[in-house]
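Encoded as structure tokens, the structure appears first; notes follow it.
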2 protein chains.
Amino acid sequence: MAVRLKDIARELGVSTVTVSKALRGRADIGQETRERVLKLVAEMDYRPNMLARGLASGRSYAVGLVVPDLVHPFFGEFARSLAGGLRAEGMALILASSEDDPAIEQQEIRTLLARGIDVLLVASCRPAADFPSDLADSTAPVLLIDRQFAGGRADFVGSDDIAIGEVATRHLIGIGRKRIAHIGGHGMSPSLDRLKGFKRALSAAGITLPKAYVVTRERFEESGDSTGYHAMQELLAQKKRPDAVFCYNDLSAIGAMEAALQAGLRIPEDIAFVGCGNLRYADYLRIPLTSVDQASERLGEAAAARALELADEPDQPARTIRLEPRLIVRRSSVVG
Amino acid sequence: MAVRLKDIARELGVSTVTVSKALRGRADIGQETRERVLKLVAEMDYRPNMLARGLASGRSYAVGLVVPDLVHPFFGEFARSLAGGLRAEGMALILASSEDDPAIEQQEIRTLLARGIDVLLVASCRPAADFPSDLADSTAPVLLIDRQFAGGRADFVGSDDIAIGEVATRHLIGIGRKRIAHIGGHGMSPSLDRLKGFKRALSAAGITLPKAYVVTRERFEESGDSTGYHAMQELLAQKKRPDAVFCYNDLSAIGAMEAALQAGLRIPEDIAFVGCGNLRYADYLRIPLTSVDQASERLGEAAAARALELADEPDQPARTIRLEPRLIVRRSSVVG
DNA sequence: TTGATACACTTAAGCGCTAACGTAAAAAAC
DNA sequence: GTTTTTTACGTTAGCGCTTAAGTGTATCAA
């Protein structure tokens with residue numbers, strides 16, 4: 001089959017261990033031998049068998065990533081830049097999608113662990129309330145992405161979701177809106193925190209929030225547009241309908257805008273919208289959408305960097321990395 | 001560390017091989033023993049170490065996928081449904097992104113192969129003209145996705161790109177357009193075939209195609225909108241500007257429409273557009289976009305099924321699977 | 001001269017698993 | 001009742017690599 005360490009060693013008249021060490025840059029190999037090895041390795045196009053290396057060394061040089069939905073632009077962009085950061089260090093990415101189903105998520109985590117991944121990255125779809133036991137028991141260090149668990153002492157890379165809620169809401173307040181509603185999720189930490197930021201911004205401005213102005217739903221990733229559409233209909237049914245809505249993500253904002261337009265409202269004159277995620281197509285929508293950018297690329301880079309650290313040194317005190325959001329203003333919130 | 005085969009065997013007073021066989025459902029294990037093994041395996045939460053299994057058996061139960069761009073909706077959707085199909089059979093997906101760079105693609109293929117993947121799926125970004133040697137020499141069976149190579153005797157799962165070109169063009173002819181242009185790519189097989197279908201449909205209808213009505217570009221995945229925008233400006237500069245454009249994909253169509261709108265044209269009255277890919281957001285665009293649906297989900301399923309076959313039996317005659325496209329008509333091509 | 005100290009390698013062992021073959025007992029065949 | 005077959009296991013060897021523990025030789029201090 002393929003070229004093995006043994007073949008290189010035989011050809012060179014040295015032991016396999018010498019070749020192995022030379023390849024990995026260990027110090028106890030002579031300059032001349034090292035060069036001979038490297039030269040032949042290149043000539044024979046040798047690639048170490050990572051399964052064997054992983055079995056022998058306990059390190060697989062691969063990280064696992066579980067996301068709720070690959071198609072969601074945020075996770076796509078995140079995965080892309082993560083993969084780029086890992087590739088630079090010769091690490092592979094094993095990807096799994098949970099389809100927003102906790103049972104699938106658990107199963108995927110198990111199979112990733114069985115593959116000896118060095119670090120487990122998870123954007124969990126399980127409720128933020130308590131830390132899942134399988135993550136707590138993981139043999140590989142765990143790096144939570146985007147979604148955190150309550151009291152979790154786990155490593156985390158994600159957005160500052162409270163700031164997202166504040167930034168979006170302050171913008172709506174800033175353009176003079178008084179009846180500001182929120183279409184959000186429940187259960188996951190980003191939903192909770194964005195709502196918290198939303199409320200914080202409102203009360204800081206002395207604006208009261210009717211209970212009915214907060215509509216929460218599930219499943220924002222896959223079919224967020226219809227989720228947003230129906231949630232918006234609920235808001236439009238209020239006696240005093242809102243004049244601005246902060247939506248959990250862009251997809252739900254798209255659906256919500258659709259509902260508003262169908263109801264004959266003008267955007268942004270009658271009602272303004274802010275989404276979150278800064279979708280690639282936000283500029284090209286019927287009404288270009290104001291959105292909070294989560295810097296998914298930079299999150300991917302940060303996660304890659306942290307994952308590499310954890311792979312090298314698994315037993316570190318947990319760290320939390322939060323990136324600040326940035327508001328991108330478009331037509332949906334300013335008369336243009 | 002984790003529970004090993006040996007631990008189960010010791011506990012049960014049998015050999016490791018017996019446990020291994022029972023676990024994999026081999027015939028030469030007694031009913032009673034099998035049950036005892038399975039029971040204890042469940043109790044002790046044993047998961048086979050896939051690195052060891054892979055090393056010993058030569059099968060890793062993982063497939064590798066290289067795509068040009070994870071963020072591109074087509075590949076995202078494809079990867080999602082592929083992963084689903086594989087998961088059902090206990091196969092993992094190792095994902096790599098080539099960033100549309102042939103050198104990165106080659107490197108990623110090497111690292112995937114070094115990981116002992118059972119099947120290599122590649123949506124290659126290398127020119128269709130000739131079959132790359134690394135794919136020809138691959139130790140794992142190769143399954144080409146979306147893009148084919150000339151005279152390639154390799155397995156393939158993708159769209160019927162000629163039909164895509166025909167369907168789109170016939171539609172534009174059907175709505176009475178006479179000056180039909182194409183913004184397309186070059187090099188990759190889908191570009192070539194879509195152009196072929198485009199020309200075929202035109203000549204079947206007896207419509208002549210000015211040379212300048214075919215504009216080809218590169219890089220349609222990542223920044224297709226600006227590619228489409230600039231290509232469209234070129235078309236608009238013609239003495240006789242087109243009254244319809246078939247664009248390589250939706251992203252370029254979005255950019256092209258943007259350019260047309262900026263030029264003061266009405267869509268579809270003055271100029272109609274058809275894209276390809278049937279983007280999730282096609283309905284919500286400024287002008288909802290008529291697009292050819294590639295059935296990316298079904299492609300993913302088909303690829304998963306074929307990959308499983310190839311994993312079980314690598315030496316099969318190559319098969320080509322092409323899914324028929326379907327036109328989704330929206331505002332960009334009919335006055336609505 | 002002796003011993004310590006590097007240096008540049010080799011030998012031995014084993015990671016956790018499976019393929020291939022071996023074997024003993026029970027069942028079936030003659 | 002002996003041979004053959006079948007059933008249900010066990011033994012051996014090894015996948016390709018790495019870690020840990022040597023081994024021999026040159027170098028240097030005492």
Side-chain angles (χ1 to χ4, degrees), chain A residues 1-38 41 44-62 90 111 113-118 139-140 312, chain B residues 1-38 40-41 44-62 90 111 113-118 139-140 311-312:
Chain A
M1 213 173 96
V3 184
R4 290 150 308 166
L5 218 46
K6 201 198 292 183
D7 303 320
I8 308 275
R10 187 175 352 90
E11 198 81 5
L12 249 35
V14 297
S15 76
T16 62
V17 176
T18 302
V19 179
S20 168
K21 285 177 173 174
L23 220 48
R24 286 174 298 138
R26 308 290 293 229
D28 60 346
I29 297 297
Q31 179 65 20
E32 193 206 350
T33 312
R34 181 189 312 280
E35 277 163 13
R36 288 206 307 144
V37 168
L38 262 26
V41 158
M44 296 183 73
D45 193 33
Y46 168 77
R47 287 251 101 185
N49 178 326
M50 296 308 275
L51 296 176
R53 175 177 281 185
L55 183 58
S57 71
R59 287 201 49 180
S60 63
Y61 296 91
T111 78
L113 258 15
R115 294 205 126 78
I117 51 165
D118 294 337
T139 45
D312 272 336
Chain B
M1 214 172 97
V3 183
R4 291 150 308 165
L5 218 47
K6 200 197 293 184
D7 303 321
I8 307 275
R10 189 175 349 92
E11 198 81 7
L12 248 34
V14 298
S15 77
T16 63
V17 174
T18 301
V19 179
S20 169
K21 285 176 174 175
L23 220 47
R24 286 174 298 138
R26 310 290 292 227
D28 62 346
I29 296 297
Q31 180 66 19
E32 193 206 351
T33 311
R34 181 189 311 281
E35 278 163 12
R36 288 207 306 145
V37 168
L38 262 27
L40 190 59
V41 158
M44 296 183 73
D45 194 33
Y46 167 77
R47 288 253 101 185
N49 178 326
M50 297 309 275
L51 296 176
R53 174 178 282 184
L55 183 57
S57 71
R59 286 200 48 181
S60 64
Y61 296 91
T111 78
L113 258 15
R115 293 204 126 79
I117 50 165
D118 294 336
T139 44
D312 272 336

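Letters A, B, ... mirror the listed sequences (proteins, then strands); counts begin at 1.
Note: CZ (B/R34) to P (D/dT7) measures 13 Å, nearest angstrom. One can place NZ of A/K6 at 14 Å from P of C/dT11, the figure rounded to the nearest angstrom. Atom CG in A/L55 sits roughly 9 Å away from atom P in C/dC17 (whole-Å rounding). Remark: C1' of C/dA8 and CG of A/L12 are 14 Å apart, rounded to the nearest angstrom. The separation between B/L113 atom CG and D/dG16 atom C1' is 16 Å, rounded to whole Å. When the P atom of C/dC15 is taken as reference, atom CG of B/D7 falls 11 Å away, rounded to whole Å. Between B/L23 atom CG and C/dC17 atom P the separation is 9 Å, expressed in whole Å. Straight-line distance from the CG atom of A/L51 to the P atom of D/dT18: 12 Å, rounded to whole Å.
Residue B/Y46 places none of its side-chain N or O atoms closer than 4.0 Å to OP1 or OP2 of C/dG16. Checking the phosphate oxygens (OP1, OP2) of C/dC17, no side-chain nitrogen or oxygen of B/Y61 falls inside 4.0 Å. A close approach under 4.0 Å does occur between a side-chain nitrogen or oxygen of A/T18 and OP1 or OP2 of C/dT10. Residue A/S20 places none of its side-chain N or O atoms closer than 4.0 Å to OP1 or OP2 of D/dC17.
A salt bridge (charged side-chain N to carboxylate O under 4.0 Å, His left out) check over residues 47-61 of chain B, counting only residues at least two apart or in different chains, returns the pairs B/R59-B/D118, B/R59-B/D312. Residue pairs meeting the salt bridge (charged side-chain N to carboxylate O under 4.0 Å, His left out) criterion with at least one member in residues 9-20 of chain A, sequence neighbours excluded: A/D7-A/R10. Within the structure, the salt bridge (charged side-chain N to carboxylate O under 4.0 Å, His left out) test picks out the following pairs touching residues 16-28 of chain B (sequence neighbours left out): B/K21-B/D28.
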Please determine whether side chain to side chain contact (heavy atoms under 4.5 Å, CB included) holds for the pair B/M44 and B/I8, giving the CA-CA distance in whole Å, both sets of side-chain angles, and the decisive distance to 0.1 Å. CA-CA 8 Å; B/M44 296 183 73; B/I8 307 275; 3.9 Å; yes
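Base-pairing analysis of DNA chain C finds the following stems of at least three consecutive Watson-Crick or G-U pairs, with both pairing distances under 3.5 Å: C:1-30 with D:1-30.
Residues that satisfy the side chain to side chain contact (heavy atoms under 4.5 Å, CB included) test with B/L55, not counting sequence neighbours, are A/N49, A/A52, A/L55. Checked against side-chain hydrogen bond (donor to acceptor under 3.5 Å, both in side chains), B/S15 has the following partners two or more places apart in sequence or in another chain: B/T18. By the side-chain hydrogen bond (donor to acceptor under 3.5 Å, both in side chains) test, A/E32 pairs with no residue at all, sequence neighbours left out.
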Every protein N/O within reach of nucleotides 19-23 of chain C N/O, cut-off under 3.5 Å:
{"from": "C/dA19", "atom 1": "OP2", "to": "B/R24", "atom 2": "NH1", "distance (Å)": "2.8"}

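At the heavy-atom level, A/I29 lies under 4.0 Å from the strands shown only through sugar-phosphate atoms.
In this structure, A/Y46 and A/V19 have side chains that are not in contact, with every pair of non-hydrogen atoms separated by 4.5 Å or more. Counting only heavy atoms from C-beta outward, the side chains of A/V14 and A/R36 approach each other to under 4.5 Å.
Residue whose closest nucleotide on DNA chain D sits further toward the 5' end, between B/Q31 and A/A52: B/Q31.
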